[in-house]
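Below, read A as the first sequence line, B as the second, and so on, with proteins coming before strands; counting in each chain starts at 1. Note that the structure is predicted; figures quoted are calculated from it, not measured.
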There are 2 protein chains.
Amino acid sequence: MKLSQGVEWALHCCVLLVQAEPGAAVPRTTLAGYYGLPDAYLAKHLKSLAAAGVLIATSGPRGGFRLARDPKDITVLDVVEAVEGSAPPFVCTEIRQRGACAVPADRCEGPCGVAQVMYDADRAWRDSLRSATVAGLSDSLPAALHERARAWLKNPSAPLPPFA
Amino acid sequence: MKLSQGVEWALHCCVLLVQAEPGAAVPRTTLAGYYGLPDAYLAKHLKSLAAAGVLIATSGPRGGFRLARDPKDITVLDVVEAVEGSAPPFVCTEIRQRGACAVPADRCEGPCGVAQVMYDADRAWRDSLRSATVAGLSDSLPAALHERARAWLKNPSAPLPPFA
DNA sequence: GAACGTATACTCGGATAATTCATGTCCGAGTTGACAGGG
DNA sequence: CCCTGTCAACTCGGACATGAATTATCCGAGTATACGTTC
């Protein structure tokens, strides 16, 4: 089991977008440059975020991506599911109904114990991710980083002030 | 994010092995036949379980696999990690230290907020899996299935009694 | 009848292909902003 | 000075290669059993 690399990128980009001017869009090249990511590939994940309703994409000059709603209402789970898909990681193939000792289907009402345990764990994982929001992640960063982010988003080509 | 198919197979096989005679080994062909699984591929996962110390493999006639310890002491997490590996699903590549707005390494003491949230979710997932044991899964099955399993393990070629 | 040696059959283990999915990259469609020209 | 039409540049979106991991399979190494032979 391995999570896509894009999850990390998407989360950091969403946190960065909190610092953008309200209503302003940030192009993907600016986002990619901030973290040194390949913009061509980052586009793929940003597209998924837009399709999932987490971001809003705008075309043309002054276009780009912006958060679709208040950062307080964007959970980490929203971002993860946008990139990874909302399909459960464990899929029960009902092997109890196959093979020499197959159990008749009419005796398999609920999910088997194995699937139930996996589903419970998946729910615990999702509940944990749902309890964190993009706003909370942004608040955990020091104010100095917010300043640098705002300066960069306003003018990516200008030199950044040195660290205090 | 997708879990390997082998996780389901491994869990069901471990639950089935609870019904084996104490000290007796069950060959992989018998395990595969019970659930109608490809024995050649199942061998790969059983090998992983043996390497992880969940099962004990024995060669030669009357050989096969048996549980390495009491089913109460085998958690579902043990089985999942044996098959999937114990590597965390989320790997932080420290992208905050890269790109145009890279943060100096000496200012990155602990993990970043994004990684922390993912690690917490991973811990919740593992804790959930750790709270379930192979013995618990076996106990959740009806007694009739235990009977059928014991009969099959004792003589896989004999016809099974019909369902009551 | 018991012990021993051999051969056999059965088991796991590692090495080897095929397929699927994530990764990485590119170019085209669409849209907005800017500019030049005219009123 | 203001309005309008055209143009151009910038943006995203989908289509196209690449690589790795999972899936799937086979054959060889090793071992305990069973049998036949001998004492």
Where the side chain of Tyr35(A) meets the backbone of His12(A), is there a donor-acceptor pair that is under 3.5 Å apart? yes
For Ile56(B) and dG13(C), what is the distance between atoms CD1 and P respectively, to the nearest whole Å? 12 Å
Can Glu81(A) and Arg126(A) be counted as an ion pair, charged N to O under 4.0 angstrom? yes
Verify, without hydrogens or angle tests, whether His146(B) (side chain) and Asp139(B) (backbone) share a donor-acceptor contact under 3.5 angstrom. no
Calculate the interatomic distance between Asp39(A) atom CG and dT25(C) atom P; express it in whole Å. 9 Å
Identify, residue by residue, the members of residues 87-102 of chain B with a heavy atom below 4.0 Å from DNA chain D, and return them in order of residue number, or none. none
Contacts satisfying side chain to side chain donor-acceptor pair (under 3.5 Å) that involve residues 84-105 of chain A (not counting sequence neighbours) are Thr93(A)-Glu8(B), Glu94(A)-Arg96(A), Glu94(A)-Gln97(A)
Length of the CG-C1' vector between Leu37(A) and dT25(C), whole Å: 15 Å
One character per nucleotide, please: for nucleotides 6-22 of chain D, 5' to 3', B when the base has a protein heavy atom closer than 4.0 Å, S when only the sugar-phosphate does, - otherwise. ----BSBBS-B------
For residues 48-64 of chain B, dump all side-chain donor-acceptor pairs below 3.5 Å to protein atoms at least two apart in sequence or in another chain.
| from | atom 1 | to | atom 2 | distance (Å) |
| --- | --- | --- | --- | --- |
| Ser48(B) | OG | Lys44(B) | O | 3.3 |
| Thr58(B) | OG1 | Arg66(B) | NH1 | 3.4 |

Residues two or more places apart in sequence or in another chain: which of them pass side chain to side chain contact (heavy atoms under 4.5 Å, CB included) with Arg123(A)? Asp127(A)
Consider salt bridge (Lys or Arg N to Asp or Glu O under 4.0 Å). Of Arg69(B), Arg130(B), Lys72(B), which one does Asp78(B) pass it with? Arg69(B)
Separation of Leu49(B) atom CG from dG13(C) atom P, in whole Å? 11 Å
In chain order, what residues pass the side chain to side chain contact (heavy atoms under 4.5 Å, CB included) check against Thr30(B), with sequence neighbours excluded? Val26(B), Pro27(B), Trp152(B), Leu153(B), Pro156(B)
